[in-house]
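Single-structure report; data block below.
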Amino acid sequence: DCPGTSSAQAGRAAACQGCPNQRLCAAGAGAAPDPAEAAELRERLRSVKHTILVLSGKGGVGKSTFSALLAHGLAADEAKQVALLDIDICGPSIPKMMGLEGEQVHQSGSGWSPVYVEENLGVMSVGFLLSSPDDAVIWRGPKKNGLIKQFLRDVDWGEIDYLIVDTPPGTSDEHLSIVQYLSATHIDGAVIITTPQEVSLQDVRKEINFCHKVKLPVIGVVENMSGFICPKCKNESQIFPPTTGGAEKMCQNLNVSLLGKVPLDPQIGKSCDKGQSFLSEAPESPATSSYRSIIQRIQEYCDRHHFQEEKII
Amino acid sequence: LFSFLPERSNLAGVRHILLVLSGKGGVGKSTVSTQLALSLRHSGKKVGILDVDLCGPSIPRMFRVQDNDVHQCDSGWVPVFVDQDRSISLMSIGFLLEKPDDAVVWRGPKKNALIKQFVADVAWGDLDFLIVDTPPGTSDEHISTVEALRPYQPLGAILVTTPQAVSVGDVRRELTFCKKTGLRVLGIVENMSGFVCPHCSECTNIFSKGGGEELAKHAGVPFLGSVPLDPQLSRSLEEGRDFIQEFPKSSAFPALTHIAQQILDGTSQRSS
């Protein structure tokens with residue numbers, strides 16, 4: 001079994017004996033990005049204007065929920081072309097959230113076709129490559145990285161204004177790989193999602209640390225599940241208490257922007273399960289106004305970024 | 001007389017090993033792991049928790065021992081005891097980090113190496129239960145942990161989900177993982193199942209309801225129970241308090257202790 005060209009065992013494992021690439025791998029060639037590959041990715045991603053990564057150190061804080069709503073929010077402008085790429089290989093939530101469960105990927109001469117929700121909103125996820133909802137993707141890192149590369153290289157996205165990348169929790173293969181592969185284009189920045197409690201924040205600080213390490217700008221932090229208003233008596237409960245000051249304090253300490261706080265709303269989960277946009281389903285919800293304001297701030301960040309780039313040219 | 005003692009594996013004194021899994025992140029795996037440990041302790045058992053979430057290790061803080069260090073002994077690493085009682089011991093990468101905000105940015109192979117060490121080199125001593133808390137997914141950590149534990153014949157896995165379809169969708173895949181790796185499913189826990197407003201007692205199904213129970217029925221595995229959202233539980237986890245000891249009247253208490261009881265009943269059935 002090939003240990004993988006970027007593995008620590010590359011060229012050194014028992015299985016490497018007799019492999020024509022053994023010398024190359026042992027010399028560390030597998031770890032460095034292949035220049036031909038980098039050029040190929042650069043070409044493919046040339047027509048992407050803005051790239052936004054949605055990250056969190058912590059699972060279950062609402063990354064996919066936010067990615068889906070960000071995609072819907074940006075695609076509301078029919079003149080913009082939006083792409084949503086789901087690189088959570090083991091737990092792909094995006095197809096269900098976008099109402100695309102059961103869709104399959106089609107191949108054409110120019111590559112894989114994204115699955116379109118609207119004319120200007122295309123989606124790609126490993127979920128579209130699985131034939132049953134029970135199918136598990138039990139892959140180690142190198143194989144996951146391979147698929148992520150394929151998603152970037154082989155999907156015919158066309159001209160895109162916004163590429164949103166939804167990620168799994170953590171700071172591992174998927175995150176290193178996406179940053180590495182996307183260095184072929186530029187990443188505007190990362191939006192980091194958290195919930196108010198320290199159990200989340202302690203993981204999110206690590207994620208912000210990761211962003212600094214790989215020189216990924218942090219657009220800002222979104223505090224999700226920030227309080228719950230009882231629909232009956234209208235009193236607020238802090239189900240996930242901000243015992244250490246919540247995202248606000250963390251952002252102050254780490255000098256990153258707090259993009260906004262979104263309260264809990266049972267309609268959010270329902271909309272996700274139904275594959276509908278919560279923003280359209282519950283336009284009057286306080287959570288909707290929070291999300292809209294956050295999406296606007298992200299758009300403004302990207303526009304400023306673009307403007308600065310043009311100035312440099 | 002001079003006798004040779006055979007080299008004893010560090011897991012030889014552990015009676016039952018169980019894993020806490022979920023395809024989905026943030027559903028309460030670490031919460032269930034800690035509350036199960038606390039409940040079992042209250043039944044007089046000695047429990048260890050092995051935290052193999054290398055990127056997001058939550059366990060140390062949940063027992064207020066996040067600043068503790070790990071020491072070495074002849075047989076390997078000494079686990080961190082939660083209190084003087086020494087009835088709960090822990091191992092987590094959280095204890096090995098120099099700074100708590102340090103990100104562990106490792107690819108699979110490096111993670112696998114540490115997991116093998118965690119399984120083989122922690123001097124647990126005698127335990128009634130070793131609970132293995134995992135990160136979400138079906139990848140390196142899960143494959144390596146199951147492979148390393150296989151010779152010790154784990155009791156099985158508890159799968160945690162929240163009620164909504166997006167969560168259940170991932171947990172279905174975790175069930176497939178268990179089937180493929182020969183890991184017995186002890187049951188499914190439906191966490192965050194409803195919230196009772198402390199002001200007016202109105203129950204709101206913030207994350208929907210019933211998905212975990214339906215999945216258990218559909219998959220033919222035991223349903224271990226629904227745990228409601230409980231701000232006192234969240235707060236206890238934040239502060240590293242013993243929720244089972246301190247809040248027996250809180251809404252999540254009955255469900256959590258019931259889960260532990262079913263696990264205990266399961267093990268006593270096996271031995272008889």
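Every chain is numbered from 1, with letters handed out A, B, ... down the list of sequences. Quick note: numbers below take in every heavy atom, side chains included, and nothing from hydrogens, waters or symmetry partners. Nothing here was measured: the structure is a model prediction, and the numbers come from that model.
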Counting only N and O atoms by type, is there a donor-acceptor contact under 3.5 Å from the side chain of B/Thr138 to the main-chain atoms of A/Cys90? no

From the list B/Arg107, B/Glu141, B/Lys111, side chain to side chain donor-acceptor pair (under 3.5 Å) partner of A/Ser172 resolves to B/Lys111

Whatever's closer than 4.5 Å to a heavy atom in chain A on B/Lys180 counts as side chain

Contacts of A/Phe128 meeting ring-ring contact (aromatic ring centres under 6.0 Å, His included) (sequence neighbours excluded), chain-then-number -> none

Practice problem: On the 0 to 90° scale, with breaks at 30° and 60°, tag the A/Phe240-B/Phe207 ring pair as parallel, tilted or perpendicular. | Solution: tilted

Exam field: side chain A/Asp173 to backbone B/Gly108, donor-acceptor pair closer than 3.5 Å = yes

With sequence neighbours left out, the residues meeting side-chain contact (heavy atoms from CB on, under 4.5 Å) with B/Pro254 are none

With heavy-atom distances below 4.5 Å as the criterion, would you say the side chains of B/Ser144 and A/Arg140 are in contact? yes

Q.
Are the side chains of B/Thr31 and A/Val199 in contact, using a 4.5 Å heavy-atom criterion?
A. no

Would you say the side chain of A/Pro92 lies within less than 4.5 Å of the side chain of B/Arg173, judging by non-hydrogen atoms?
yes

Expected output: side-chain B/Glu238 to main-chain A/Glu198 donor-acceptor under 3.5 Å
yes

Min side-chain heavy-atom separation B/Pro100-A/Arg205 under 4.5 Å:
no

Honestly, the part of B/Asp53 sitting under 4.5 Å from a heavy atom of chain A is neither

When the 4.5 angstrom heavy-atom criterion is applied to B/Val105 and chain A, the contacting part is both

Q. Below 4.5 Å, heavy atoms only, C-beta onward: do B/Val166 and A/Thr65 meet side chain to side chain?
A. no

Answer key: most heavy-atom pairs under 4.5 Å with chain B among A/Leu176, A/Asp265, A/Val214 is A/Leu176

Heaviest contributor of heavy-atom pairs below 4.5 Å to chain B, chosen from A/Asp134, A/Asp203, A/Ile89, is A/Asp134

Self-check item: Validation row: B/Asp170, A/Ser93 side chains within 4.5 angstrom (heavy atoms)
Solution: yes

Exercise for the section: Flag the pair A/Lys206 / B/Pro57 as yes when at least one side-chain heavy-atom distance between them is below 4.5 Å, and no otherwise. Expected result: yes

**Sub-4.5 Å side-chain heavy-atom contact between B/Ser58 and A/Gln202** = yes

